[in-house]
Each structure stands twice: as structure tokens, then as C-alpha cells.
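Only one structure is covered here, and it is reproduced in the block below.
Nothing here was measured: the structure is a model prediction, and the numbers come from that model. All heavy atoms count here, side chains included; hydrogens, waters and symmetry mates do not. Sequence lines set the chain letters: A, B, ... in the order given, protein chains first and strands last, and positions in each chain run from 1.
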2 protein chains.
Amino acid sequence: MARFNFEGEPPAEQEVCHLTTTQNVIAGRWKIVVLWYLSQRTRRFNELQRLLPGISKGILTRQLRELEEDGMVHREVYKEVPPKVEYSLTPQGKSFIPALEIMGEWGKNYMEKKQNEQLDSEKPQI
Amino acid sequence: MARFNFEGEPPAEQEVCHLTTTQNVIAGRWKIVVLWYLSQRTRRFNELQRLLPGISKGILTRQLRELEEDGMVHREVYKEVPPKVEYSLTPQGKSFIPALEIMGEWGKNYMEKKQNEQLDSEKPQI
DNA sequence: AATAGTAGGCACATTTAAATAACCTAGTCA
DNA sequence: TGACTAGGTTATTTAAATGTGCCTACTATT
């Protein structure tokens with residue numbers, strides 16, 4: 001059971017393991033976008049909530065807590081009233097920025113190609 | 001409503017949109033790993049199922065269909081008995097390989113750092 | 001004749017994630 | 001006294017993702 005190998009390719013197992021690790025960290029409806037907003041600067045809780053229209057406090061809290069547990073995000077609590085909590089990327093989190101950039105680039109190209117395909121199919125008169 | 005902007009940063013909206021696009025394509029428990037296995041070579045259905053221990057036929061079918069709909073994967077059906085279906089990356093899918101590589105690299109470094117942290121916490125006698 | 005391999009389809013059950021809503025806290029201000 | 005604030009928690013509901021089991025058709029093998 002748990003046969004990850006196939007016809008002799010030893011590095012495959014490793015690579016799949018690493019990719020799965022990455023996937024587990026960024027899985028979640030909002031995490032990639034949260035990481036990107038934090039890559040720009042430190043943000044407060046309500047600021048993030050405004051930036052993510054449609055997210056609820058509960059789910060934003062969970063996404064941030066999970067990112068914190070995974071060592072991606074630092075949570076700084078200021079003992080003030082009203083409360084103030086700032087979120088920022090840890091060095092670990094910052095090391096993910098190149099991946100965010102390449103994913104953003106890819107998404108941009110992807111959308112452009114999709115739009116071209118649509119334009120092509122709208123005027124198929126040869 | 002749907003306020004994506006904050007304190008004057010026009011490119012933010014765009015970038016978030018692109019990242020969301022990417023996320024929608026790769027969201028799914030197995031998609032990243034499937035893409036990676038297909039980046040190596042063309043694979044048949046049962047081959048993929050063997051490579052992904054624990055995945056069921058139904059869910060593998062769906063992940064492949066979604067990747068196909070998103071233009072990432074090509075499905076080639078051979079009219080033979082027993083049936084033979086080969087999956088491969090489209091050019092669009094291949095364009096995602098750099099992202100896979102950077103994510104794999106990141107996951108590797110991430111795990112290494114996690115292990116070092118654990119080792120450090122196991123012998124805290126200064 | 002019975003069984004296994006191949007690539008699924010389909011209905012259903014279960015699990016997980018996300019969304020909604022109500023409530024909490026401490027201090028500050030009017 | 002009561003309202004207001006930021007940043008939550010908790011419980012409940014809903015939706016999405018994933019998994020299970022049984023079905024097909026045809027062939028080859030035992």
C-alpha cells in the first residue's frame with residue numbers, strides 16, 4: 001500500500017511530497033490572496049476584512065490562524081483599547097512571495113489566452 | 001460593495017484577480033500532483049490512480065475533467081478494447097510547470113526548516 | 001464458466017470548508 | 001447609563017469537495 005513509485009523513478013516521490021507540503025499550506029479559499037495582501041505591508045484585521053469582500057470574521061480568523069500555525073504569518077497584538085492586531089509575513093512567509101508572483105503572472109496570461117479564444121470563437125467566418 | 005481597493009493601490013485589484021484565477025484552476029486535493037505527474041510524461045488513467053494512493057476512480061475522473069475543462073489537460077481516447085485513454089498536458093498546462101517547480105522547491109525548504117526547528121527544540125540545554 | 005483488466009458513469013453518503021449570525025470584552029466617550 | 005470600538009469566539013446552517021459501491025462493455029486468461 002501507499003505505492004508512490006512507478007517504473008523506477010526515485011525522485012518522483014520526493015517531489016510529490018514537497019508539492020503536497022506546499023499545497024497543504026496554501027489550501028484554503030482565501031490564503032493565497034491574504035498572503036499577497038500581507039506581502040505588500042502589515043495589515044490590521046479589519047483592513048483585511050475590507051480587502052476581502054464577502055469574507056466573514058470567523059473564516060478570516062481561521063485562515064489567519066492556520067497561516068500563523070504554519071509559520072507564514074506573524075500576529076502582533078497591541079494591548080490597547082480598542083484592540084489592535086497587526087498581521088505580517090514571517091521570513092518563511094516572505095520566502096513564498098516568488099511563488100505568488102509566478103502564480104499571478106501565470107493567471108494573467110491564462111486569462112488573456114482565454115479571452116483570445118473567446119474572441120476567436122465569436123467571429124468564425126473564415 | 002465588493003470594494004477591492006484600499007488607500008489608492010490600483011494594481012492590487014488586478015493582481016488579486018490573477019491570483020484568484022490561478023487558485024481556481026489548481027484548487028482541488030489532487031490537481032497539483034496530477035499536473036506534476038503529467039508534466040513528466042503522458043499517463044493512462046489507471047497509471048495515475050496507482051500513482052495517487054488513496055484516490056478513488058470517481059474523484060480522479062472529476063479532477064481530470066476539471067483540468068480538461070480549464071484547458072490544462074488533453075484527453076486522448078483510443079477506440080480499443082479494453083479502453084485506453086491517455087492524459088497529457090496542453091501547452092497551457094505546460095506553461096504551469098515553472099510554478100510547479102517553484103512550489104516544489106519552496107515545499108522542500110519549508111520542510112527542512114521545520115525539521116531544524118524540531119531538532120532545536122529537542123535539545124534546549126544551553 | 002468464472003474472473004480480471006480497462007475506463008469510466010451514476011447515485012448516494014460522508015467529510016470538510018465556508019458562510020451566517022449572535023454574542024463577548026474592556027475601556028472610552030457623551 | 002448606554003453606545004461604540006476592534007478583534008475576536010461560538011454555535012448553527014449551508015454548500016462544496018471527496019469517497020463508496022455498484023453498474024457497463026468487451027476481451028483475455030485461467
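- Annotation: B:K108, atom NZ; neighbour count of heavy atoms from other residues, nucleotides and ligands within 6.0 Å does not exceed 12.
- Between A:K57 and A:F45, some side-chain heavy-atom pair lies under the 4.5 Å cut-off.
- Axis deviation across the helix from C:dA1-D:dT30 to C:dA30-D:dT1 amounts to 30°, comparing end segments of five pairs, rounded to 10 degrees.
- Taken residue by residue, residues 64-75 of chain A places heavy atoms nearer than 4.0 Å to DNA chain D at A:R65, A:R75.
- The side-chain heavy atoms of A:T22 and A:F96, taken from C-beta on, include a pair separated by under 4.5 Å.
- When distances are taken from the side chain of A:R29 to each of C:dA19, C:dT6, C:dG8, the shortest belongs to C:dA19.
- Within a 6.0 Å sphere centred on NZ of A:K94, heavy atoms belonging to other residues, nucleotides or ligands number 12 at most.
- A straight line from CD of B:E80 to P of C:dG8 spans 13 Å, rounded to a whole angstrom.
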>> Does the protein touch nucleotides 20-30 of chain C at the base, only the backbone, or not at all? Give it as B, S and - per nucleotide, heavy atoms under 4.0 Å.
In response: B------B---
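- Nucleic acid contact for B:R62: base, since at least one base atom lies under 4.0 Å from a heavy atom of the residue.
- Contact of the B:L48 side chain with the B:I55 side chain is not registered, since no non-hydrogen atoms from C-beta on lie closer than 4.5 Å.
- Within the 4.0 angstrom heavy-atom criterion, no nucleotide atom of any strand lies near A:E86.
- Looking at heavy atoms from C-beta onward, A:V77 lies out of side-chain contact with A:P83 at the 4.5 angstrom threshold.
- Residues A:Q40 and B:E15 have side chains not in contact (no heavy-atom distance under 4.5 Å, counting atoms from C-beta outward).
- Considering CD of B:Q92 and NZ of A:K114, their distance stands at 7.0 Å, rounded to 0.5 Å.
- Closest approach of B:S88 to B:T42, counting heavy atoms only: CB-OG1, 3.5 Å.
- Between C:dG8 and B:Y78, no contact under 4.0 Å exists linking OP1 or OP2 to a side-chain N or O.
- Annotation: the span from B:Q49 atom CD to B:L64 atom CG amounts to 10.5 Å, rounded to 0.5 Å.
- Taking every heavy atom of both residues into account, B:Y78 and B:E86 meet most closely at OH-OE1, 3.0 Å.
- Rounded to a whole Å, the CD atom of B:E47 is 16 Å from the P atom of C:dG5.
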All N/O donor-acceptor pairs, side-chain side in residues 97-107 of chain B, below 3.5 Å, sequence neighbours left out:
from, atom 1, to, atom 2, distance (Å)
B:W106, NE1, A:S95, OG, 2.8

Extract all donor-acceptor atom pairs below 3.5 Å that involve side chains of residues 66-75 of chain A and protein atoms in other chains or at least two apart in sequence.
from, atom 1, to, atom 2, distance (Å)
A:E66, OE1, A:K31, NZ, 2.7
A:H74, NE2, A:E76, OE1, 2.7
A:R75, NE, A:Y87, OH, 3.2

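- Along DNA chain D, read 5' to 3', the first and last nucleotides having any atom under 4.0 Å from a heavy atom of chain A are D:dT5 to D:dT9.
- With rounding to whole Å, A:Q49 atom CD is found 14 Å from C:dA18 atom C1'.
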